[in-house]
Each structure stands twice: as C-alpha cells, then as structure tokens.
J.: 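Here it is, the structure in full.
The model shown is predicted, which means the values in this text are computed figures rather than measured ones. All values below were derived from every heavy atom in this structure, side-chain atoms included, with hydrogens, water molecules and symmetry-related copies excluded.
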Amino acid sequence: MTVRLLTSTDRKLTVAVDQTGLNPQSIVEEALEAYFRRLKIQDPGPQTGKEGAA
C-alpha cells in the first residue's frame, strides 16, 4: 500500500522518527492501531483472496 502525506504531516513524521528512533513504518502502524482502537474497529480476520490487496 502506498499513501500520500501532506507536506506538514511528512515533516512531523520526520521529527517523530528523529525523536523516537522508530522508523516511519512503525510510527504509522502504531498511529493506525491507536485510531482503530479509538473507533473500536477490530480485525475481521483474513478474507480469502483479499489478503494484502489493499
């Protein structure tokens, strides 16, 4: 999956990488997980033929 970020978001992500020592992928994964928890969205489990299609 590829996503496009606003320039300001990309700058903040760069600062977060510098401050935490984590890589961008880890930070984005953690942020998405926090977002999903807040919305109470759970993993529906693998869907045949669609895994990794996003």
J.: Identify every side-chain donor-acceptor pair in residues 35-45 under 3.5 Å, counting partners at least two apart or on other chains, and give the distances.
T.:
residue: Asp43; atom: OD1; partner: Gly45; partner atom: N; Å: 2.8

J.: Would you be so kind as to tabulate the donor-acceptor pairs closer than 3.5 Å made by side chains of residues 6-15, with sequence neighbours excluded?
T.:
residue: Thr14; atom: OG1; partner: Asp10; partner atom: O; Å: 3.0

J.: Is a side-chain N or O of Thr20 found less than 3.5 angstrom from the main chain of Ala16, in a donor-acceptor match?
T.: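 It does hold such a pair.
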J.: Go through it in stages, so that I can follow the logic: the residues are Val17 and Ile27, the test is side-chain contact (heavy atoms from CB on, under 4.5 Å), and I'd like the CA-CA distance, side-chain angles, deciding distance and then a yes or no.
T.: CA-CA 8 Å; Val17 167; Ile27 293 171; 3.7 Å; yes
